[in-house]
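What follows is a set of notes on a single structure, which appears directly below.
Along the sequence shown, residues carry numbers from 1. Treat the numbers as computed from the prediction; the structure is a model and nothing was measured.
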Amino acid sequence: MANVQKQFDDFHSGIRLSNDDEKAKLQDKRNMLVKNLKDGLKKRAEDGDSSHSFESFNQGSYAMHTGTKPLNDEYDIDVGIIFDNVKEDFDDPVELKKMVRKAIESNFRTVKIRRPCVTVTYQKDGRPEYHVDLAIYVKKTSGDTYYLAMGKEHSTSDNIEWWDSDPKGLTDKINNRFTGDDRKQFKRVIRFLKRWRDKKFTNSNEAPISIALTCATYHWFAPAKTGGEYSDLRAMLNLVNDMLDEFGIFSGRLAVELPVTPYNNLLEGVTDNQMGSFKEKLTIFRDTLQSALDETSIKEACKQLRKQFGNEFPEGEDVEDNSESSLKSRVAPVVVTGSSA
C-alpha cells in the first residue's frame, strides 16, 4: 500500500478555509450586516414600528471549523439571528423575515427570502463575491432551544412554519465529537467529503447539502491509522463504505439524522432520482478509494484520487527507497562458479 498521507495533508491545506484574510473578510461582512440590521430596525422603530432587539452568533461550517474554499470563489458565512420575541408576536415566520429584509435592503447587495434563511449577496464586477445566510430565530418561553422561521415569501401556508431548532447545540455536538488528533482527522474528512461533492455534482440543486455530509461524518466516521500513523485514505474509505451500508435495501435511500432537535432526516427532501445518483457516485468513490489503497505506487494512487477530488489533489511522486535493507534486496546475488567452488 502506497503511503499518500502527505498528499492528503497538502490537499487539505489547499482547500481548507483557514487563511486569516479570508476569515477576516467574512467576519467583517458579518459584523457590518449585523450592525446594518440593528440600525435598520432602530430606524423603523423611530418611524413608528414596534421595537425589536436580537443577538447574533456564528453557525454552520464557519462555527464548526469545517469550511472549504469555494470552487466558484463565492464565500459564505452562516449567521444566527435570535430575536428577543416569541413566535406569537408575529402572524407567521415570513412576516419576521420580511421585516429583516426591509431593515437591510441596500443598493449594494441583494436580499432574498429563502425557505430556511434570508440570504444577502454581495457582488463584484457583476458576479457574486460572497453571501451571508441569516437564519432567523425567536426564543421559546422555556429552555435553551429556539424556533427557526421557515418559509418563502410566496409559500403556501403548508410550507410556512416554526421549526424547533438547536443551532448552538449542533455546533457543540460537531466540535466535541472527538478530541485531539482524532478530531483533526474527523474535520479533515468532512472537508474532503464536501470537496468531493463540489467536484462530482455539477448541479448544486441536486447535491447533498453540507450539513447532511457533516452529520453523516458525525454518525459514521471512525479515526483510522496505518502502522500507528493517521491514514485519511483509510478513514475516507471506511466512512464511504459505512454510508453505502446505510442505504435501505428496499427503499434505496440514505437517512441522515440531525443529532439535535428536531432530529429530522436531512436528506428527506431528496428525490428518488437524486438519491439514486448520490448512491451511484458514492459507489464509484468507494471503488476508487479502494483502488488507491491497493496501489503500491504513490503516483498511481494519486492518479486514482485525482479522478474524484480533481486537480487540486497532488499528483504525487514515487520516492526511491535507499535504505540499507532495500539496497541489499536490489543487489544481484553473487553466483560462485569454477573449480574453486
Side-chain angles (χ1 to χ4, degrees), residues 1-18 61 66-73 184-226 229-247 252 254 256 267 270 273-318:
M1 182 187 75
N3 185 350
V4 293
Q5 187 56 42
K6 179 184 183 303
Q7 285 71 33
F8 267 100
D9 289 340
D10 291 345
F11 179 47
H12 181 253
S13 296
I15 67 172
R16 68 178 301 191
L17 184 63
S18 60
S61 62
T66 58
T68 59
K69 295 178 182 178
L71 292 179
N72 59 2
D73 293 328
K184 292 178 181 178
Q185 188 183 52
F186 168 62
K187 295 197 174 183
R188 288 197 302 272
V189 167
I190 291 175
R191 291 189 179 98
F192 296 149
L193 193 57
K194 291 199 290 189
R195 179 54 102 229
W196 168 80
R197 181 271 318 272
D198 293 342
K199 287 291 186 179
K200 290 302 172 181
F201 288 83
T202 54
N203 186 343
S204 60
N205 293 326
E206 297 181 357
I209 58 176
S210 291
I211 189 60
L213 298 181
T214 297
C215 289
T217 311
Y218 171 88
H219 290 302
W220 299 306
F221 166 85
K225 295 182 179 181
T226 297
E229 301 294 330
Y230 282 96
S231 172
D232 291 353
L233 173 55
R234 189 175 293 278
M236 283 296 310
L237 176 59
N238 292 344
L239 171 63
V240 175
N241 259 322
D242 287 347
M243 289 174 67
L244 286 167
D245 286 344
E246 291 293 326
F247 276 79
L254 175 68
V256 179
L267 297 179
V270 174
N273 285 340
Q274 290 169 347
M275 187 65 72
S277 175
F278 182 31
K279 184 177 182 180
E280 181 181 356
K281 292 178 189 297
L282 271 180
T283 301
I284 296 172
F285 190 24
R286 186 268 316 276
D287 293 345
T288 303
L289 291 170
Q290 184 65 62
S291 178
L293 189 68
D294 293 339
E295 279 288 351
T296 56
S297 161
I298 292 176
K299 187 170 185 177
E300 289 302 315
C302 290
K303 184 184 295 185
Q304 294 294 324
L305 294 167
R306 282 162 64 89
K307 294 177 183 178
Q308 294 296 311
F309 291 121
N311 292 337
E312 289 174 294
F313 196 91
E315 291 186 77
E317 292 293 336
D318 291 315

Determine whether [X] and [Y] make a side-chain contact, defined as any pair of heavy atoms from C-beta on separated by less than 4.5 Å.
X	Y	answer
Thr226	Arg234	yes
Tyr230	Lys184	no
Leu293	Met1	yes
Glu317	Ile298	no

Of all the heavy-atom pairs spanning [X] and [Y], show the shortest one and how long it is.
X	Y	answer
Val256	Leu267	CG2-CD1, 3.8 Å
Ala2	Ala301	CB-CB, 4.4 Å
Phe221	Leu239	N-CD1, 3.8 Å

Return the set of residues passing salt bridge (charged side-chain N to carboxylate O under 4.0 Å, His left out) with [X] (not counting sequence neighbours), or none when no residue passes.
X	result
Lys225	none
Lys307	none
Arg195	Asp198, Glu312
Asp10	Lys6

Nearest-0.5 Å distance, CD of residue Glu315 to SG of residue Cys302:
8.5 Å
Please report the interatomic distance CG(Leu193) to CE(Met243), rounded to the nearest 0.5 Å.
5.5 Å
Donor-acceptor pair, distance only, cut-off 3.5 Å: does the side chain of [X] make one with the backbone of [Y]?
X	Y	result
Gln185	Ala224	yes
Lys194	Thr66	yes
Arg191	Gly67	yes

Which residues share a ring-ring contact (aromatic ring centres under 6.0 Å, His included) with Phe313, sequence neighbours left out
Phe8, Phe11, Phe309
Going by the rule side chain to side chain contact (heavy atoms under 4.5 Å, CB included), which residues pair with [X] if we only count those two or more places apart in sequence or in a different chain?
X	result
Asn241	Leu237, Arg286
Gln308	Trp196, Lys200, Ile284, Phe285, Thr288
Lys279	Leu244, Phe247, Thr283
Asp242	Trp220, Asp245

If you draw a 6.0 Å radius around NZ in Lys299, do more than 12 non-hydrogen atoms from other residues or ligands fall strictly inside?
no
Partner residues of Gln5 under the side-chain hydrogen bond (donor to acceptor under 3.5 Å, both in side chains) criterion, sequence neighbours left out:
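Asp9, Asp232.
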Partner set under side-chain hydrogen bond (donor to acceptor under 3.5 Å, both in side chains) for Tyr218, not counting sequence neighbours:
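Listed in chain order: nothing, the list is empty.
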Give every donor-acceptor pair under 3.5 Å between a side-chain atom in residues 202-210 and any protein atom, sequence neighbours left out.
from   : atom 1 : to     : atom 2 : distance (Å)
Asn203 : OD1    : Asn205 : N      : 3.0
Ser210 : OG     : Arg197 : NH1    : 3.4
Ser210 : OG     : Arg197 : NH2    : 3.0

